[in-house]
S.K.: 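So that we are looking at the same thing, I have put the structure below in structure tokens.
Just so it is clear: chains get the letters A, B, ... in the order the sequence lines come, proteins before strands, and each one is counted from 1.
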Amino acid sequence: MNLLHHLNPPQKEAVLHGEGPLLILAGAGSGKTRVIVHRIAHLIKELGIPPWQILAVTFTNKAAGEMRERVEKLVGPGEAPLIATFHSACVRILRREIQRLGYDPNFAIYDDKDSEKLLKEVVAELHLDEKRFPAKMFSSAIDECKNAGLLPGDLPTSDYMQEKIAQVYTAYQARLQKCNAVDFGDLILLTVRLFDEHPEVLRHYQDRFRWILVDEYQDTNPVQYRLVKLLAGSLRNLCVVGDDDQSIYRWRGADIRNILDFEQDFPGVKVVKLEQNYRSTRTILTAAGSVVARNRGRKPKTLWTDNPLGEKIVYRRLTDERDEARFVSREIERHVRKGGDLRDVAVFYRTNAQSRVLEDALVADGIPYRMVGAVRFYERLEIKDILAYLKVLDNPADEISLKRIINTPARGIGHATVDKVGELAAARGITLYEALREASSGGLLGAGPRGKLAAFGALMENFRILAGAVSLAELASRLIQETGYADRLKGERTPEADDRLANLQELLSALEEFDRSSGEKGLSAFLEQVALVSDLERSDAGVEAATFMTLHSAKGLEFPLVFIVGMEERLFPHVRALDDPHQMEEERRLCYVGMTRAKERLFLTNARRRRIFGQEQFNSPSRFFDDIPREFLDLEEERQGAGSSQWGTFGRFSQGSHDTDRHNLAAIFETEIEPDFPEVEVVPDEAEDAVYLGMKVRHGKFGVGTIRKVEGEGDNQKVIVWFNTVGPKKLLVRFAGLERV
DNA sequence: CGGCTAGTCATTTTT
DNA sequence: TGACTAGCCG
């Protein structure tokens, strides 16, 4: 197979580049992944590089998975190199080497919640006032430090606050180490520290990974950059791919300078620009480009496309957010009526709070949707509880998990008891788990608590023995039963408790699957996957439903039909960005990312009036409209033949005089639109035999319910179902996938 | 221990 | 406005 066959000249150039640093500036929709995948295949198949000498790094598991799949298609199954996220690549290294830094190889990985809990304890121990020094503040400060690659000793102690942060950071790290745990930031930072402090280890990995590729390079933070630079060493076979215009994670420590200054940092670098877009219509691409073109800190580039001009971008200013949602819902319905597929539709918003009213509207119209990044499976209470048991079995030093389960379900071990054991542990310099055993025999506690601790200790010891003997699914199943966790939930007899039980069942299925596919890799491996993957691969990706997500999670995706809602000043761009030019540039990039997700049709909407935190707001249209050439927009007023001449002034506004101009523009954008989209009139029809009043049905999302009303017939038939969990829902029978119970 | 209430806080969140 | 949480009381 000819690897170069379907590549354009710059793509070929990037694929064929040999040794030495390579920077690929890949605009939106320019075939970036295609280039990386082909480059990897080229290294292996043409240059004869052994796959194990190649390391490809991405930011998400999803991206890594996709890339691996595509590489395997080119080089054959099992022949792909290590393609991993930054975090999982680091875990791999740390599992082998972390003893050099004073941790055990079975270290736990704390998520944000776990580490904040630990931080709270640290703040309390240092007798700091929680009001003046909230744990959250330290949490983000420490996170920033870790992103920047700073150890506690690197912090300036000039002012009081800095000093406190350094103090808490130091104590926090000590506590983490005592728990034999690391947080997300540590995964990267400890790896860098390992390389700094143990040059021979670094040399080993430099020798191993001779070819390195980094995807989404614009999102790397300074430690990640340092890590990459260390690994690339003197061979400098480093290929980074990114787009400065799509850098939207500055607030999380991503440093856009990593990509802007790459050429200075790696003299002699080969730079390839991928500027042909294969995704969007010319209208969409040009409009998006004009929004981001206003930014100062960007690499000059011009995206172009051979695609047709396509339809105009629809702009609508609606009365309020509910009206806006109904508009979206109606347009989606129209798309479906024309024979369109719901999987082609995505709705993006700036803040999660906006999703709710959209959900309501789609539910009311019976249009199925799925929300990306909503409640994560592994973050559910009951799942975290059972996982905490597993974590203690795997790593008894894990104090946070131990404290979580010691009285869950309730077994009469209160705070006072735990505190006493904690003091004992501190005094003896042993772990809480070890102190447990001592306290359950010594004279520290009264007979009651002592007995309860002893019982808990015995329970855990039994499970530890069991853990070595049975499968993970079996272990967890017995854990759920024998700790009384299941009984407690069953006793509640509420829909919520039933949900929880169902979730636990799902956890068991995930464990079974892991037992089957991973070949006895064991508890540590499973917990690691949980920590790093954060969500269960849900099989609903192929379900016919519209997709809702924040603009941030939209990066890397594409849809034929895209809605961006809430295009208003103070919402998008967000209020917090209004007085910070750097943040404003990021908002612009975010807008660019959102718009360039659309392949064929783009809808931009906003609301004149919006309730935010119970407050009415009247926001003018987003300033991003200032930069979209007027001829690319479909405004309703145009159809009515009004006001088009006013558009001559469009686009001339300078950033400096924004506020007054804003009002002019707002006036221009006030378009005559039906204030309301009334509910569809429907004729009840009870003769239909597929569904009937009073029928008990099950819905994939809402569970079991009873049909209270049937409306319409054929494709448009709707039912109102009274669900046990969520109450009444109106559903389109065709889509609801109702199952008779 | 657990259930309630009053007070707080509200951008985005790949791992 | 509404979701979450710390702290109090039964």
Side-chain angles (χ1 to χ4, degrees), chain A residues 57-66 84-91 109-117 120 130-131 134-136 139-140 143 146-147 182-189 215-216 218-221 223-224 246-254 321 348-357 372-376 378-379 381 407-417 452 488 492 528-535 549-557 566 570-578 580 583 586-587 589-591 593-594 610-617:
Chain A
V57 191
T58 64
F59 277 84
T60 67
N61 294 295
K62 197 170 158 225
E66 249 169 57
T85 63
F86 267 103
H87 296 267
S88 61
C90 285
V91 171
I109 301 167
Y110 277 3
D111 66 21
D112 298 340
K113 289 253 170 62
D114 295 331
S115 62
E116 209 176 296
K117 241 183 226 161
K120 256 190 196 141
E130 266 266 17
K131 285 275 176 309
K136 263 203 170 28
S139 167
S140 57
D143 196 48
K146 290 184 175 178
N147 286 338
V182 305
D183 62 20
F184 283 133
D186 280 342
L187 289 174
I188 318 285
L189 186 52
D215 189 20
E216 304 281 16
Q218 74 282 352
D219 290 334
T220 48
N221 61 36
V223 227
Q224 288 165 333
Q246 292 187 63
S247 164
I248 53 174
Y249 286 106
R250 191 180 83 106
W251 51 276
R252 260 175 55 168
E321 73 272 20
F348 305 151
Y349 34 81
R350 177 67 241 264
T351 67
N352 282 118
Q354 291 166 258
S355 68
R356 200 164 166 156
V357 60
V372 172
V375 234
R376 292 184 172 167
Y378 290 121
E379 281 171 16
L381 186 84
N407 200 33
T408 311
R411 47 174 77 88
I413 304 175
H415 282 132
T417 307
K452 285 165 181 165
R488 193 190 60 169
E492 279 185 36
E528 178 179 316
Q529 184 186 297
V530 168
L532 296 182
V533 172
S534 87
D535 209 357
M549 68 183 96
T550 62
L551 283 148
H552 281 88
S553 16
K555 199 180 61 163
L557 305 175
R570 311 186 62 193
L571 190 56
F572 191 33
H574 196 268
V575 230
R576 309 274 277 247
L578 293 186
D580 178 347
Q583 282 203 52
E586 183 138 316
E587 297 286 305
R589 293 192 291 267
L590 194 55
C591 185
V593 167
R610 185 181 297 273
R611 274 188 104 73
I612 290 180
F613 311 144
Q615 291 274 293
E616 298 256 273
Q617 278 190 8

S.K.: Is there aromatic stacking of W251(A) against dT12(B), centre distance under 5.5 Å, plane angle under 30°?
M.R.: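 Given the distance and angle limits, yes, they stack.
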
S.K.: Considering residues, nucleotides and ligands other than Q615(A), do more than 12 of their heavy atoms fall under 6.0 Å from its CD?
M.R.: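 Count not over threshold, so no.
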
S.K.: Which label fits dT11(B), syn or anti, where anti is any glycosidic angle not within 90° of 0?
M.R.: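 That one's syn.
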
S.K.: Identify the two heavy atoms, one from F184(A) and one from D111(A), that lie closest to each other, and give their separation to 0.1 Å.
M.R.: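 Answer, listing the atom of F184(A) first, then D111(A): CE1-CA, 4.0 Å.
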
S.K.: Go nucleotide by nucleotide along DNA chain B from the 5' end; which of L551(A) and G412(A) gets its closest nucleotide reached first?
M.R.: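 Checking each residue's closest nucleotide, the 5'-ward one belongs to G412(A).
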
S.K.: F86(A) and side chain to side chain contact (heavy atoms under 4.5 Å, CB included): which partner among D219(A), T220(A), L187(A)?
M.R.: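 That would be T220(A); it is the only one of D219(A), T220(A), L187(A) passing the side chain to side chain contact (heavy atoms under 4.5 Å, CB included) with F86(A).
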
S.K.: What contact category does S553(A) fall into here, base, sugar-phosphate, or nothing, at under 4.0 angstrom with non-hydrogen atoms?
M.R.: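 It contacts sugar-phosphate atoms only.
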
S.K.: Charged N to carboxylate O under 4.0 angstrom, E116(A) versus K136(A)?
M.R.: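 Result for this pair is yes, salt bridge flagged.
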
S.K.: Do you know which two heavy atoms are closest between K146(A) and D186(A), and how far apart they sit?
M.R.: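 Reported closest heavy-atom pair: NZ-OD1, 2.8 Å.
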
S.K.: If you check every side-chain atom of H552(A), which of dT12(B), dT1(C), dT15(B) has the closest atom?
M.R.: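 Per side-chain heavy atoms of H552(A), the pick is dT12(B).
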
S.K.: I need the CD-C1' distance between Q615(A) and dG2(C), as an integer number of Å.
M.R.: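 Rounding to the nearest Å, CD of Q615(A) and C1' of dG2(C) are 14 Å apart.
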
S.K.: For Y249(A), answer base if it contacts any base atom (sugar-phosphate contacts may also be present), sugar-phosphate if it contacts only those atoms, and nothing otherwise; contact means non-hydrogen atoms under 4.0 Å.
M.R.: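 The residue Y249(A) makes base contact.
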
S.K.: Under 4.0 angstrom, heavy atoms only, what part of the nucleic acid is E587(A) near: base, sugar-phosphate, or nothing?
M.R.: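 Result for E587(A) = base.
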
S.K.: Just N and O in the side chain of N352(A): are any of them under 4.0 Å from OP1 or OP2 of dA10(B)?
M.R.: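 Answer is no, no contact under 4.0 Å.
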
S.K.: Starting from C1' on dT15(B), measure out to CD on Q224(A) and report it in whole angstrom.
M.R.: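 To the nearest whole Å, that distance equals 9 Å.
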
S.K.: For dA6(C), does OP1 or OP2 lie under 4.0 Å from any side-chain N or O of K120(A)?
M.R.: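 Answer yes for this pair, as a side-chain N or O of K120(A) is under 4.0 Å from OP1 or OP2.
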
S.K.: Can you find a donor-acceptor pair, distance only, under 3.5 Å between R350(A) side chain and dT12(B) base?
M.R.: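 Indeed there is one.
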
S.K.: Calculate the interatomic distance between F184(A) atom CZ and dT15(B) atom P; express it in whole Å.
M.R.: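 After rounding, the reported distance stands at 8 Å.
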
S.K.: What integer distance in Å separates Q246(A):CD from dT12(B):C1'?
M.R.: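 That distance rounds to 16 Å.
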
S.K.: Between dT11(B) and T550(A), is there an OP1 or OP2 to side-chain N/O distance shorter than 4.0 Å?
M.R.: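 It does not, given that no N or O in the side chain of T550(A) lies less than 4.0 Å from OP1 or OP2 of dT11(B).
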
S.K.: Grab the CD-P distance between Q617(A) and dA10(B) for me, whole Å please.
M.R.: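 One finds 15 Å between P of dA10(B) and CD of Q617(A), rounded.
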
S.K.: Is there a side-chain polar atom (N or O) of R356(A) under 4.0 Å from OP1 or OP2 of dA3(C)?
M.R.: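 For R356(A), the contact criterion (side-chain N or O under 4.0 Å from OP1 or OP2 of dA3(C)) is met.
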
S.K.: Would you check if F613(A) stacks with the base of dG2(C), given a 5.5 Å centroid limit and a 30° plane limit, both strict?
M.R.: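 Taking the rule of under 5.5 Å and under 30°, the ring of F613(A) does not stack on dG2(C).
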
S.K.: Which heavy-atom pair separates G566(A) from Q354(A) by the least distance, and what is that distance?
M.R.: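 Heavy-atom minimum between the residues: CA-NE2, 3.8 Å.
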
S.K.: Give the minimum heavy-atom separation between N61(A) and L532(A), together with the two atoms involved.
M.R.: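 Residues N61(A) and L532(A), closest heavy atoms: ND2-O, 2.9 Å.
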
S.K.: May I ask you to say what G414(A) touches in the nucleic acid, namely base, sugar-phosphate or nothing, with a heavy-atom cut-off under 4.0 Å?
M.R.: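 G414(A): backbone/sugar contact only, no base atoms under 4.0 Å.
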
S.K.: Kindly point out which of dT15(B), dG2(B), dT11(B) is positioned nearest to the side chain of A410(A)?
M.R.: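 For the A410(A) side chain, the nearest candidate turns out to be dG2(B).
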
S.K.: May I ask you to say what E616(A) touches in the nucleic acid, namely base, sugar-phosphate or nothing, with a heavy-atom cut-off under 4.0 Å?
M.R.: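 If one applies the 4.0 Å heavy-atom cut-off, E616(A) turns out to touch nothing in the nucleic acid.
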
S.K.: Could you give the CG-to-P distance, from N147(A) to dT13(B), as a whole number of Å?
M.R.: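 Roughly 16 Å, once rounded to whole Å.
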
S.K.: Would you mind reading off the distance between R610(A) atom CZ and dA10(B) atom C1', rounded to a whole angstrom?
M.R.: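 The distance from CZ of R610(A) to C1' of dA10(B) comes to 15 Å, rounded to the nearest Å.
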
S.K.: Please report the distance, rounded to the nearest Å, between NZ in K113(A) and C1' in dT5(C).
M.R.: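 Checked: the NZ to C1' distance equals 12 Å.
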
S.K.: Identify whether a stacking contact exists between H574(A) and dT11(B), where the ring centres must be under 5.5 Å apart and the planes under 30° apart.
M.R.: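 H574(A) ring centre within cut-off of dT11(B) base, planes near parallel; stacks.
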
S.K.: Can you tell me how far C1' in dT5(C) sits from the matching atom in dT12(B), rounded to whole Å?
M.R.: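 Here dT5(C) and dT12(B) have their C1' atoms 23 Å from each other.
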
S.K.: Can you tell me which stems DNA chain B forms, taking runs of 3 or more consecutive Watson-Crick or G-U pairs with both distances under 3.5 Å?
M.R.: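 For DNA chain B the paired stretches long enough to count as stems (3 pairs minimum) are B:1-10 with C:1-10.
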
S.K.: Looking only at atom types and distance, does a side-chain atom of R589(A) sit under 3.5 Å from a main-chain N or O of S247(A), one as donor and one as acceptor?
M.R.: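 Yes; judged by distance alone, with no hydrogens or angles, the pair exists.
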
S.K.: Using the P atom in both, what is the distance from dT13(B) to dC4(C), to the nearest Å?
M.R.: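 After rounding to an integer number of Å, I get 15 Å for this pair.
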
S.K.: Using a 3.5 Å distance criterion without hydrogens, assess whether the side chain of E321(A) forms a donor-acceptor pair with backbone atoms of V357(A).
M.R.: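 Not a single qualifying donor-acceptor pair exists.
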
S.K.: When you match I248(A) and T85(A) each to their closest nucleotide on DNA chain B, which lands nearer the 5' end?
M.R.: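 Of the two residues, I248(A) wins.
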
